[in-house]
Amino acid sequence: MERLQNYIDGRWQAPASGRYDLDYDPATLNVVAEVPDSGPDDVDQAVAAARAAFESWRLVPAPRRGEMLFEAGRLLRERKEELARMMTRDMGKVLLEARGDVQEGIDMAFYMAGEGRRSFGYTTPSELADKFALAMRDPIGVAGIITPWNFPMAIPTWKVFPALVTGNTVVFKPASESPWLAYELVRIFEKVGVPAGVVNLIFGQGETTGEALVNHVGVDLISFTGSTDTGRRVATLAGQQLKRVSLELGGKNAVIVLDDADLELAVDGILWSAYGTTGQRCTACSRIIVQSGIYERLRERLIARMQNLRLGSGLDETVDVGPLVSEAALAKVERYVAIGRSEGARLDTGGDRWAAPDKTHGWFYLPTLFADVEPSMRIAREEIFGPVLSMIRVSSLDEAVTVNNGVTYGLSSSIFTRDVNQAFRAMRDLRTGIVYVNAGTTGAEIHLPFGGTRGTGNGHREAGIAALDFFTEWKSVYVDYSGRLQRAQIDT
Ligand code: NDP
């Protein structure tokens, strides 16, 4: 078992409280790490270090900053298998997906390393003679970064890499349920020579450590991914200081299947999106909206395939579905299954905990399908974040779009159809930040903008060049080389 430490101003150190929490493997319930239980004093120190380091880091040429990211990407790639195995033990996702999670970090490192030589601004003609006008990106200052447990490498790298390449310094608070990968990521920054104070790592509980970071006057911006309730609180607190905040929150993502869809392809896409990471991806599919003509065939095919999904420890390469991350997550799934039953939805398969034959006691739940779900039911509107799928019947594409758009979230949606006209109508009308055609609701690539509409966030996007917009301030510069006073709007 490893004892993790905070990383402040280039030094690994114990929390001021001297206390540690325990981090469990959700498949075996063995303790994998001891994690600092930090508090406001540790946050103060980390913010002071990041503030001091900002003045020199912002002056390091951006291509040099990018090279450090490139080196970090190289080390991530070298350690990919080891890190993936740690991730599976830390939070339960199966090895195949843990490798994908680390790969997202590698991709983001190389992509953002390139931004060290791009980060384009622009020049534009002035309305006055002998005058030059340009717009350039400026770093903002200290970035507070707060992440959830479900993508322990991908989400931190989506935030920390663009923050660093654009010249900001970082105080990073990872989720308590998956601390290990955050620790390893910061060790990589140390190894590639990121200067002291530029990246600081603070472990601790959200309500104390996380909130201290959000409230700290020395933090200029907060990049947050997590639940909608916490996001609302973060935005409220940060708003009191007019602090810039990006929020990536919950989802209630749907796959639409039209009568003319390729049935087997749709089933593959649904299973991967709904039960991958045990339904705990922010883009997980938790509703399928199915046209009447294909409804029964799809239902039967899904049930048959679901009953062949293998549960168990994600370290076993033959396993499809790992455990839920915590006892609280398992209890939430149980609550929603009870709600679905009481609302009158038909439980087709699943609906119970699962115990491994070798009597290991992880937090497992059977892949679950509810059919005959009405769009107004709570199981069709609220985020469950577990392996529970609701099947809704519709008569047309228009009705499917209305049902899809009828929830408060807007992260991801997908449509299976062979009709190009229907596909383009869906692309136009689905009100989510991400739309897939003939694929499930997951599978974002790191060079495209990522984020949701409406209740999924507050309008910012991560990844791609969109990420640079959040971590930089636009500065407009006017250079007058006429040698006389020229007045815009007056002397034109
Ligand atoms: P939480 O909101 O509980 O936690 C997210 C992070 O916020 C954790 O680091 C947590 O710390 C911290 N935190 C908790 N309370 C506070 C607070 N008052 N102030 C500051 N920080 C706080 O979410 P989960 O970890 O449960 O993650 C699951 C959620 O994340 C789901 O709703 C999912 O949809 C969403 N998500 C969204 C994504 C997107 O891009 N849209 C991507 C991935 C997940 P601690 O762990 O110590 O509680």
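One-based numbering, in listed order, for ligands and for the atoms of each.
No side-chain donor from either of Tyr409 and Glu382 sits under 3.5 Å from a side-chain acceptor of the other. A donor-acceptor pair shorter than 3.5 Å cannot be found between the side chains of Thr209 and Lys173. In this model, no donor atom of one side chain and acceptor atom of the other lie less than 3.5 Å apart for Ser412 and Thr283.
At the shortest separation from atom 9 (O) of ligand 1 among protein heavy atoms lies Thr147 O, 2.7 Å. Of all protein heavy atoms, the one lying nearest to atom 19 (N) of ligand 1 is Gly206 O, 3.5 Å. Nearest protein heavy-atom contact of atom 12 (C) of ligand 1 is Ile146 CG2, 3.7 Å. Of the protein's non-hydrogen atoms, the one nearest atom 2 (O) of ligand 1 is Ser227 OG, 2.7 Å. Of the protein's heavy atoms, Thr230 CG2, 3.3 Å lies nearest to atom 16 (C) of ligand 1. Atom 46 (O) of ligand 1 has its closest protein heavy atom at Ser176 N, 2.8 Å. Considering only non-hydrogen protein atoms, atom 27 (O) of ligand 1 sits nearest to Pro148 CB, 3.4 Å. Of the protein's non-hydrogen atoms, Gly226 CA, 4.5 Å is the one closest to atom 4 (O) of ligand 1.
Close approach of ligand 1 to Thr225 (heavy-atom distance below 4.0 Å) involves ligand atoms 5 (C), 36 (N), 37 (C), 38 (C), 39 (C), 40 (O), 42 (C), 43 (C), 44 (C). In summary, the atoms of ligand 1 found under 4.0 Å from a heavy atom of Phe450, numbered by their order in the structure, are 40 (O). Residue Gly204 has at least one heavy-atom neighbour below 4.0 Å for each of these atoms of ligand 1: 47 (O). Close approach of ligand 1 to Phe385 (heavy-atom distance below 4.0 Å) involves ligand atoms 28 (C), 31 (C), 33 (C), 34 (O). Numbered from 1 in the order shown, with element, the atoms of ligand 1 that lie under 4.0 Å from a heavy atom of Lys173 read 9 (O), 11 (O), 45 (P), 47 (O). Heavy-atom proximity to Phe224, at under 4.0 Å, picks out these atoms of ligand 1: 2 (O), 6 (C), 7 (O). Here is the list of ligand 1 atoms found below 4.0 Å of a heavy atom in Gly210: 19 (N), 20 (C), 21 (N). Contact atoms of ligand 1 toward Glu248: 37 (C), 39 (C), 40 (O), 41 (N) (distance under 4.0 Å to a heavy atom of the residue).
Contact annotation for Asn150 and ligand 1: only side-chain heavy atoms (C-beta onward) come within less than 4.0 Å of the ligand. Contact annotation for Leu411 and ligand 1: only side-chain heavy atoms (C-beta onward) come within less than 4.0 Å of the ligand.
Judged by a 6.0 Å distance limit and a 45° cone about the ring axis, Arg3 is not positioned over the six-membered ring of Trp12. The cationic group of Arg232 does not satisfy the cation-pi geometry with Phe224, failing either the under 6.0 Å distance to the six-membered ring centre or the 45° limit from the ring axis.
Residue Gly451 places no heavy atom under 4.0 Å from ligand 1. Note on ligand 1: Thr209 sits outside its first shell, no heavy atom being nearer than 4.0 Å. For the ligand labelled ligand 1, residue Pro174 lies inside the 4.0 Å heavy-atom shell.
At a 3.5 angstrom cut-off on N or O pairs, Arg233 does not count as close to ligand 1. Ligand 1 has no nitrogen or oxygen under 3.5 angstrom from a nitrogen or oxygen of Ile155. Considering backbone and side-chain N/O atoms, Glu383 comes within less than 3.5 Å of an N/O atom of ligand 1. The distance criterion of under 3.5 Å between nitrogen or oxygen atoms is not met by Glu177 with respect to ligand 1. At least one N or O atom of Leu249 sits closer than 3.5 Å to an N or O atom of ligand 1. Not a single N or O atom of Phe151, backbone or side chain, sits closer than 3.5 Å to an N or O atom of ligand 1.
With hydrogens and angles ignored, the 3.5 Å screen pairs no side-chain donor or acceptor of Ser313 with any backbone N or O of Ala27. Checking side-chain atoms of Arg305 against main-chain N and O of Leu271 turns up no donor-acceptor pair under 3.5 Å.
Ring geometry for Tyr111 against His447 counts as tilted: the plane angle lies between 30° and 60°, on a 0 to 90° scale.
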Residues Glu177, Ser326; criterion side chain to side chain contact (heavy atoms under 4.5 Å, CB included); working and verdict: CA-CA 8 Å; Glu177 307 280 11; Ser326 64; 3.7 Å; yes
CA sep, side-chain torsions, deciding dist, call: Glu104, Met153, side chain to side chain contact (heavy atoms under 4.5 Å, CB included): CA-CA 8 Å; Glu104 277 191 44; Met153 183 59 81; over 6 Å; no
Derivation of the ring-ring contact (aromatic ring centres under 6.0 Å, His included) call for Phe161 and Phe471: CA-CA 10 Å; Phe161 287 150; Phe471 287 104; over 10 Å; no
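Partner of Phe450 under the ring-ring contact (aromatic ring centres under 6.0 Å, His included) criterion, chosen from Phe151, Phe470, Trp158: Trp158.
For the pair Val35/Ser176, no side-chain contact is recorded, criterion being any heavy-atom separation below 4.5 Å from C-beta on. Proximity of Glu374 to Glu343: side-chain heavy atoms (C-beta onward) are nowhere separated by under 4.5 Å. Counting heavy atoms from C-beta on, the side chains of Trp272 and Glu97 come closer than 4.5 Å. Pro174 has its side chain within reach of Leu201: a pair of non-hydrogen atoms, C-beta onward, lies under 4.5 Å apart.
In this structure, atom 34 (O) of ligand 1 has protein heavy atoms in its sub-4.0 angstrom surroundings.
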